> 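Supplied in structure tokens, the structure appears directly below.
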Amino acid sequence: MTKLEIKQELEDIQKVAKINEGKNLKYSILTMGCQQNENDSEKLSGIIENMGYTKTENLSESDLIIFNTCCVRENAEDRLFGKLGEVKKYKEEKGTIIAIGGCMMQEKHIVEKLKESYPFFDIVFGTHTLHKFPTDLLKVLNNTKRIEDILDIDGEIIEGLPIKRNDTIKASVTIMNGCNNFCSYCIVPYVRGRERSRQPKDILEEIKGLAKEGYKEITLLGQNVNSYLRVEREKNIPLEEYEGVNSFSTLLRAINKIEGIERIRFISPHPKDFTNDVIEAIRDCNKVCKLIHLPLQSGSSNILKVMNRKYTKEQYLSLVEKMKATIPNVTFSTDIIVGFPGETEEDFAETLDVVRKVNFEQVYMFIYSRRVGTPGDKMENQIPEEVKHKRFNELKELVEGQISVRNKQYVGSNQFVLIEGKSKTNSQMLTGRTDSNKVVVLEGPEDLIGKMVNLRIISEHMWYLKGKVV
Ligand code: SAH
Ligand code: SF4
Ligand code: F3S
């Protein structure tokens, strides 16, 4: 957990700011991935705004366009190439600086393809070199032709970067980087490197700062949050214990004490690491939301084994039972992949069986996507596209049926809702979320924004509920 000196980078921010002074420059950032990717974009935005750029959604008026890419599934790639085609004309017309960063840039075959088919980019940078963006940009402004700043080794934990957050009520805080699990379908461990955790003190100070700024909800981010500090403990890496934090459960307990913070969420935990101390901390901490995201991936023990998930169907279900017995009002959300290589009708039926039994609050469903370099891609028994789609639709139908039954159960109940702002679709309405992450819209005065409000749910719709202040 060594901390990297970023003195050079902070100096380069000032140098670029000087070059840009008085020019009224604009930037756009396209964020294409998960919440960690979004959190990285907030850091990039912080850096870029300190260098004298202001944000715009309009690509044609941008002087700098940054793509923060994802490669977890194929459609993420298609989106990047589509957008690059679009921005080429801005590059030609006004010399817009084009920078491409994030997970996809850690894939060699993609960077090769970029050089061949989209050679007009100025900077590519990976997941381990985000903090060096000021230095890379300075070189481009000083007429260096094209920068490739990608590291194959695991990046270090960087602290002290500026950040420009997208929201004023909810904030994401990355607690660890990387993943050691190597699920056989997944590219993330290859593009994000090995697991490494931030120091407890850095995390707690960041959250205390957020509380002072008025933030109410914190989402802790990591590919495997409930193994926070595990690698460090196993390798006997010296740990600066702070406020008693030496694990994920003690981290939850410490954050729960921070005044001003009303809600704590976290994604993603791994079922195999859900130790009793974590379950008890969720039960004991009043601010920790009782919606647990518990990625299932498949309900078939055979498929789970080939996926390298390290739990069986029975273990998953008994974990759910244990949590239901320990944590009052617990609810679950999950991720499921359909059409993993070798998935039979029987395997798929096991997935449907788990979905029926757990009755998830929310299910994120994905069609298996082959990722170059993963074991899944080399498996011979790939499932035909039409079978994958048929299964996906069947799962979707089951899930939507369950959600609509659950939504009806909300009607007439009282829910504490954190009011997040005006509704995007109707500015007369406010919007917020329940503990279980359901969107609730309501009529009410603007000064409710940022407050926890007790609402009576008066009607339900597929993707939101309607509430009334009680
Ligand atoms: N570390 C997190 C998130 C990983 S990516 C976790 O373990 O839950 C988010 C989700 O994308 C995964 O949970 C999985 O359901 C899905 N996913 C990952 N790789 C995929 C692939 N090759 N094809 C389809 N879905 C995939
Ligand atoms: Fe991918 Fe598995 Fe790691 Fe999640 S735990 S990021 S699914 S390898
Ligand atoms: Fe995508 Fe990277 Fe997140 S691959 S899902 S942006 S960790």
Side-chain angles (χ1 to χ4, degrees), residues 30-41 44 67-77 79-80 100-107 110 126-128 130 155 172 174-195 219-228 230-231 266-274 292-299 303-304 306-311 316 332-341 343 351 360 362-379 382-383 385 388-389 391-392 395:
L30 288 93
T31 307
M32 307 176 126
C34 61
Q35 292 199 43
Q36 276 210 298
N37 186 255
E38 277 175 29
N39 193 229
D40 286 345
S41 282
L44 279 165
F67 293 88
N68 193 9
T69 62
C70 169
C71 54
V72 78
R73 288 171 293 273
E74 198 175 355
N75 51 7
E77 279 165 26
R79 273 184 63 211
L80 173 71
I100 316 170
C103 292
M104 208 195 291
M105 297 307 106
Q106 296 291 140
E107 295 186 291
I110 296 283
T127 53
H128 308 300
L130 178 145
S172 302
T174 297
I175 63 167
M176 62 191 306
N177 290 328
C179 181
N180 285 359
N181 291 325
F182 291 94
C183 303
S184 60
Y185 49 82
C186 186
I187 193 77
V188 172
Y190 305 90
V191 297
R192 288 259 171 189
R194 294 295 67 69
E195 250 174 64
T219 301
L220 306 175
L221 299 181
Q223 296 302 339
N224 190 5
V225 284
N226 52 350
S227 70
Y228 173 66
R230 189 189 53 198
V231 173
F266 53 86
I267 45 163
S268 282
H270 194 299
K272 77 174 165 55
D273 298 310
F274 242 112
I292 313 294
H293 185 66
L294 199 61
L296 169 67
Q297 312 301 0
S298 167
I303 294 293
L304 286 168
V306 193
M307 283 180 163
N308 195 29
R309 290 292 290 176
K310 302 193 172 78
Y311 54 84
Y316 184 93
F332 297 94
S333 61
T334 200
D335 289 353
I336 293 176
I337 298 175
V338 298
F340 183 77
E343 184 186 71
T351 298
F360 294 102
Q362 212 167 359
V363 181
Y364 301 90
M365 295 166 267
F366 306 105
I367 290 176
Y368 172 68
S369 172
R370 294 173 76 161
R371 303 287 73 206
V372 174
T374 62
D377 185 44
K378 296 182 196 87
M379 292 176 190
Q382 301 288 330
I383 305 295
E385 285 305 312
K388 290 191 208 170
H389 280 90
R391 289 181 189 165
F392 182 86
L395 175 64

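Note that the coordinates shown come from a computational prediction; the quantities given were computed from them, not determined experimentally. Each ligand, and each atom within it, is numbered from 1 in the order the structure gives. Residue numbers start at 1 and run along the sequence shown.
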> Against heavy atoms of Gln223, which atoms of ligand 3 measure under 4.0 Å?
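What qualifies from ligand 3 is 7 (S).
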> Decide yes or no for Val191 and Met104: does some side-chain heavy atom of the first lie under 4.5 Å from some side-chain heavy atom of the second?
no
> Considering only protein heavy atoms, which is closest to atom 3 (C) of ligand 1, and at what distance to one decimal place?
Gln223 OE1, 3.6 Å
> Measure Cys179 to ligand 2 on non-hydrogen atoms and call it side chain, backbone, both or neither using the 4.0 Å cut-off.
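It is the side chain that touches ligand 2; the backbone stays farther off.
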> Hey, what's the ring geometry for Phe340 with Tyr185, parallel, tilted or perpendicular (30° and 60° as the breaks)?
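Ring orientation of Phe340 relative to Tyr185: perpendicular.
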> Among all protein heavy atoms in this structure, tell me which lies nearest to atom 1 (Fe) of ligand 2, with the distance rounded to 0.1 Å.
Cys186 SG, 2.3 Å
> Give the contacting part of Pro295 toward ligand 2: side chain, backbone, both or neither, where contact means a heavy-atom distance below 4.0 Å.
neither
> Kindly compute the distance separating SG (Cys71) from CD (Gln106), expressed to the nearest 0.5 Å.
8.5 Å
> Record the part of Phe182 in heavy-atom contact with ligand 2 below 4.0 Å; permitted values are side chain, backbone, both and neither.
backbone
> Tell me the protein heavy atom at minimum distance from atom 4 (Fe) of ligand 2, and give that distance in Å.
Gln223 O, 4.2 Å
> So do the side chains of Met307 and Ser298 get within less than 4.5 Å of each other, counting heavy atoms only?
yes
> Examine the proximity of ligand 1 to Tyr185 and report which part, side chain or backbone, both or neither, has a heavy atom under 4.0 Å away.
both
> Where do Gln223 and Cys34 come nearest, in terms of heavy atoms and distance?
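For Gln223 versus Cys34, the nearest heavy atoms are NE2-SG, 4.5 Å.
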> Tell me which protein heavy atom sits closest to atom 17 (N) of ligand 1, plus the residue, atom name and distance to 0.1 Å.
Arg73 NH1, 3.5 Å
> By number and element, which atoms of ligand 2 are closer than 4.0 Å to a non-hydrogen atom of Pro189?
8 (S)
> Quick one: look at Pro295 and ligand 1, take heavy-atom pairs under 4.0 Å, and tell me if it's side chain, backbone, both or neither.
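Side chain only.
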> Relative to the ring of His293, is the ring of Tyr364 parallel (under 30°), tilted (30 to 60°) or perpendicular (over 60°)?
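Correct class here is perpendicular.
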> Check this for me: does any side-chain nitrogen of one of Arg192 and Asp40 sit under 4.0 Å from a carboxylate oxygen of the other?
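A salt bridge links Arg192 with Asp40.
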> To the nearest 0.5 Å, what is the distance between CG on Asn224 and CG on Asp273?
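One finds 5.0 Å between CG of Asn224 and CG of Asp273.
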> His270 and Arg309: which non-hydrogen atoms are nearest, and at how many Å?
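Residues His270 and Arg309, closest heavy atoms: CE1-O, 3.2 Å.
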> I want to check something: taking the side chain as every heavy atom from C-beta on, are Tyr316 and Leu304 in contact at a cut-off of under 4.5 Å?
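No. Closest side-chain heavy atoms not under 4.5 Å.
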> Before signing off on this row, confirm whether Asp335 and ligand 1 have an N or O atom pair separated by under 3.5 Å.
yes
> Among all protein non-hydrogen atoms, which one is nearest to atom 6 (C) of ligand 1, and what is the separation to 0.1 Å?
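It is Ser268 CB, 3.8 Å.
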> In the structure I gave you, are the side-chain heavy atoms of Pro189 and Arg194 within less than 4.5 Å of one another anywhere?
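With C-beta onward as the side chain, the pair touches.
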> With only distance considered, is Ser369 within less than 3.5 Å of ligand 1 through an N or O on each side?
yes
> What protein heavy atom sits nearest atom 25 (N) of ligand 1, and how far off is it?
Phe366 CB, 3.5 Å
> Could you grab the distance from atom CZ of Arg391 to atom OG1 of Thr351, nearest 0.5 Å is fine?
9.0 Å
> Students should be able to answer this: which protein heavy-atom is nearest to atom 5 (S) of ligand 2, and at what distance?
Asn181 ND2, 3.3 Å
> Ser172 and Gln35: which non-hydrogen atoms are nearest, and at how many Å?
OG-OE1, 3.9 Å
> Polar-atom distance check: Gln297 versus ligand 1, any N or O pair below 3.5 Å?
yes
> For the CG atom of Leu130 and the CG atom of Leu44, what is their distance to the nearest 0.5 Å?
4.0 Å
> With heavy atoms of Arg371 as the reference, note each atom of ligand 1 found under 4.0 Å away.
22 (N)
> Say you draw a straight line from CZ of Phe332 to CG of Leu296; how long is it, rounded to the nearest 0.5 Å?
12.0 Å
> At under 4.0 Å between heavy atoms, is it the side chain or the backbone of Ile367 that contacts ligand 1, or both, or neither?
backbone
> Give me the protein N, O or S atoms that fall under 2.8 Å of atom 1 (Fe) of ligand 3, sorted by chain and residue number.
Cys70 SG
> Looking at atom 8 (S) of ligand 2, what's its closest protein heavy atom, distance included?
Cys183 N, 3.3 Å
> Of the side chain and backbone of Val72, name the one, both, or neither that has a heavy atom under 4.0 Å from an atom of ligand 1.
both
> Can you tell me the protein heavy atom closest to atom 7 (S) of ligand 2 and the distance?
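It is Tyr185 OH, 3.3 Å.
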> What's the spacing between Arg370 CZ and Asp377 CG if we round to 0.5 Å?
4.5 Å
> Indicate yes or no: at least one non-hydrogen side-chain atom of Thr127 is less than 4.5 angstrom from one of Asn177.
no
> Strictly distance-based, threshold 3.5 Å: is any side-chain N or O of Ser184 a donor or acceptor partner for the main-chain N or O of Val306?
yes
> Between ligand 2 and Arg309, can you find any atom pair, the residue atom being a heavy atom, that is separated by under 4.0 Å?
yes
> Any heavy atom of Asn224 sitting closer than 4.0 Å to ligand 1?
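In this structure, Asn224 fails to qualify as a contact of ligand 1 - no heavy atom is under 4.0 Å.
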> Using a 4.0 Å cut-off to any heavy atom of Val188, which atoms of ligand 2 qualify?
6 (S)
